[in-house]
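The structure appears right after this line, and notes come after that.
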Amino acid sequence: ERRKEKEQELAAMEKKEREKKEKSQELVKQGVEEMEQGNYIKARGLFDKALEQDPENAEAVARKGEAYFEEDNESQSNIQEAIDYSNEAIDMDKNLWVPYNTLGRVYNEQKQWQNAIDAFKKASRLNPDRAQTLFELGKAQYRVGRFDQARQSFEAAIHNRSDFLKAYLNLGFTLRRLGSNRAALNAFSRAAEIDPENDLAHYQKAELKRRAGNYREAIQDMQKAVRHDQENPDYRRKLGNLYAQTGELSKAVQAYRDALEIKDDDDATHYNLAKVLLDQDKADEALSHAVKAVQLNSKAASNLYILGKAAEETGNVDQAIEAYKRAISQDPEHVDAMVNLGSIYDEQKQFEKAREILQRAYEVEPDSLAVNNNLGNAYLHSELYKDSIEHYKRAIEKKPGATLMRYNMALAYIETDQQEKAISTLRDLIKVDANYWNAYYKLGELLFAEGSSEEAKTILERLLEKNPDYERSEEVKSLISSS
């Protein structure tokens, strides 16, 4: 009888302890619900009550630490409480995922990326089905450049939650870093399906399609990005860039103007607008935006270059020279600025300066068509004909259909007494452009001088037949009649 009473007493105690544990766990559940509602003080009160029922409830301790972190993750006191309670919970139960997850979040905020990775890995091993932990792990791995590991973490998060928008976005960024642009496009496309109003997903789709040269579809996606975030000037500027790329200059101008309505102090937008306005032959308006771009950012060589171009096209040559010089000072390898500056010097008959600056451009880009053509011009005008011929040859290799370069090279051959090469060059030029009238005239002159009168006469007669109003027709007729 005594033994039976003892057993009943133990059973009652066990039941009471079990009820306490169940009550404790129910209080933890209520506390988590309050925490999710932002009622952190009430949540911690419930966790304390849970511990009163069951002092060994490690989850109650862990959740209390989590509540401190959720309440204010910038407060040093809250962070310390979160760390202390999380470590206490781990000491109580090393198989509980919550405290490791909280520590991971703390380390993330403190930019202790490796500690964050270690903590999140432990949390995800203990609770492999929790997508958010895998997502946070992926973000920490991404920050330290472990992109393939980050990809795996984001994919695992998506596997656990197929509509995880942020995981798809971060997976897209990660795949871009890995050079898998097609897979990245798929990730951003899925993000856009989950949330059709997500401007970032549409923007990233547009950027990837732009990189692939699919400008039309890129425009459609960028328009969606603009539609879903109408106050973002960068989207409008990028839309303008796409329109400019497809030659829709009026639409590009409007997109840039819309961007400036939102943010007038963006030098890149003023630069792009100036560039397109120059393409529209609106140099005066372009100049005003180029000036603004330089005022906003005088260190950008591109801004100084576009100022030089706009100044040059409006006849402000001195301003153009100064702008090009400043552009080259900021970027000593800015070939376009050097070419334009050299061209101005050449036109001003400052041939030595022209050769010097163009030679610098040649050292940077020896195969550049523009560099070799302008350097050929500078040497031609300096009466350094052999050098001129060498650079014209290089330029023509890049652009076999070039006409003026061939004509100038023929003049250089004449000046170096290489008449046969001059004749050959002019014949090739007429094949390239049957309406290059000066080539007929010069070829006729050379053929007469070489004694090929009949062929010369035929060439000149063909010139008059094709272009009776040729400006030097009287001289042509005189040559024919004297033969």
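Throughout, residue positions are numbered sequentially from 1 according to the sequence presented.
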Check this for me: [X], atom [atom1], are more than 12 non-hydrogen atoms of other residues, nucleotides or ligands nearer than 6.0 Å?
X: E333; atom1: CD; result: no
X: K209; atom1: NZ; result: yes
X: E356; atom1: CD; result: no

Under the side-chain contact (heavy atoms from CB on, under 4.5 Å) test, residues paired with [X] that sit two or more places apart:
X: A157; answer: A131, L134, F135, F164, A167
X: Q80; answer: I83, D84
X: R210; answer: E207, Y215, A218, L242
X: T403; answer: L429, V432, D433, Y436

Does the distance from a Lys or Arg side-chain N to an Asp or Glu carboxylate O, for [X] and [Y], drop under 4.0 Å?
X: K121; Y: D118; answer: no
X: E285; Y: K275; answer: no
X: D265; Y: K263; answer: yes
X: E66; Y: R63; answer: yes

Find out whether [X] and [Y] are in side-chain contact, i.e. whether some heavy atom of one side chain is under 4.5 Å from a heavy atom of the other.
X: R326; Y: S298; result: yes
X: D267; Y: H270; result: no
X: L358; Y: M338; result: no
X: L96; Y: I90; result: no
X: P99; Y: E88; result: no
X: R360; Y: I328; result: yes
X: V317; Y: Q348; result: yes
X: Q245; Y: N241; result: no

Near-ring test F188/F173, centroid separation under 6.0 angstrom: yes
CA sep, side-chain torsions, deciding dist, call: E136, K139, salt bridge (Lys or Arg N to Asp or Glu O under 4.0 Å): CA-CA 5 Å; E136 295 295 341; K139 288 200 300 181; 3.4 Å; yes
Enter the distance from [X]:[atom1] to [Y]:[atom2] here, rounded to the nearest 0.5 Å.
X: M222; Y: R237; atom1: CE; atom2: CZ; answer: 9.5 Å
X: K292; Y: L260; atom1: NZ; atom2: CG; answer: 9.5 Å
X: M409; Y: I396; atom1: CE; atom2: CD1; answer: 3.5 Å
X: L287; Y: L277; atom1: CG; atom2: CG; answer: 11.0 Å
X: R227; Y: E197; atom1: CZ; atom2: CD; answer: 10.5 Å
X: D91; Y: K94; atom1: CG; atom2: NZ; answer: 5.5 Å

For [X], what residues pass the side-chain hydrogen bond (donor to acceptor under 3.5 Å, both in side chains) criterion, not counting sequence neighbours?
X: Q220; answer: none
X: K386; answer: none
X: H391; answer: N372

[Y] backbone acceptor or donor facing [X] side chain under 3.5 Å:
X: S75; Y: N78; answer: yes
X: N160; Y: P128; answer: yes
X: T174; Y: N170; answer: yes
X: S153; Y: Q149; answer: yes
X: H159; Y: E155; answer: no
X: S124; Y: F120; answer: yes
X: Y324; Y: K309; answer: yes
X: N374; Y: A370; answer: yes
X: T314; Y: D284; answer: no
X: S189; Y: L185; answer: yes

Test side-chain hydrogen bond (donor to acceptor under 3.5 Å, both in side chains) applied to Y271 and N303, step by step: CA-CA 6 Å; Y271 163 83; N303 292 346; over 6 Å; no
Output side-chain donor-acceptor pairs under 3.5 Å for residues 27-39, partner residues at least two apart or in another chain, one line each.
| residue | atom | partner | partner atom | Å |
| --- | --- | --- | --- | --- |
| Q30 | NE2 | E26 | OE2 | 3.4 |
| E34 | OE1 | N39 | ND2 | 2.8 |

Which atom pair, heavy atoms only, marks the closest approach of [X] to [Y]?
X: Y142; Y: R177; value: OH-CG, 3.4 Å
X: D346; Y: A354; value: N-CB, 3.7 Å
X: S388; Y: G376; value: OG-O, 2.9 Å
X: A201; Y: A192; value: CB-N, 3.9 Å

Pairwise ring-ring contact (aromatic ring centres under 6.0 Å, His included) hits with a residue in residues 235-263, at least two apart: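 Residue pairs with at least one partner in residues 235-263: Y203-Y235.
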Verdict with reasoning, Y392 to N377, per side-chain hydrogen bond (donor to acceptor under 3.5 Å, both in side chains): CA-CA 8 Å; Y392 282 138; N377 292 341; 2.5 Å; yes
Stepwise side chain to side chain contact (heavy atoms under 4.5 Å, CB included) check, N232 with V226: CA-CA 7 Å; N232 189 321; V226 169; over 6 Å; no
Residue pairs involving residues 67-82 (criterion salt bridge (charged side-chain N to carboxylate O under 4.0 Å, His left out); sequence neighbours excluded):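 Sorted result for residues 67-82: R44-E71, E70-R105.
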Could you pull out all donor-acceptor pairs under 3.5 Å where a side-chain atom in residues 49-56 meets a protein atom, sequence neighbours excluded?
| residue | atom | partner | partner atom | Å |
| --- | --- | --- | --- | --- |
| D54 | OD1 | E56 | N | 3.1 |

Steps toward side-chain hydrogen bond (donor to acceptor under 3.5 Å, both in side chains) verdict (Q152, Q141): CA-CA 10 Å; Q152 294 176 51; Q141 290 165 330; over 6 Å; no
For Y345, all residues meeting ring pair (Phe, Tyr, Trp, His ring centres under 6.0 Å), sequence neighbours excluded: none
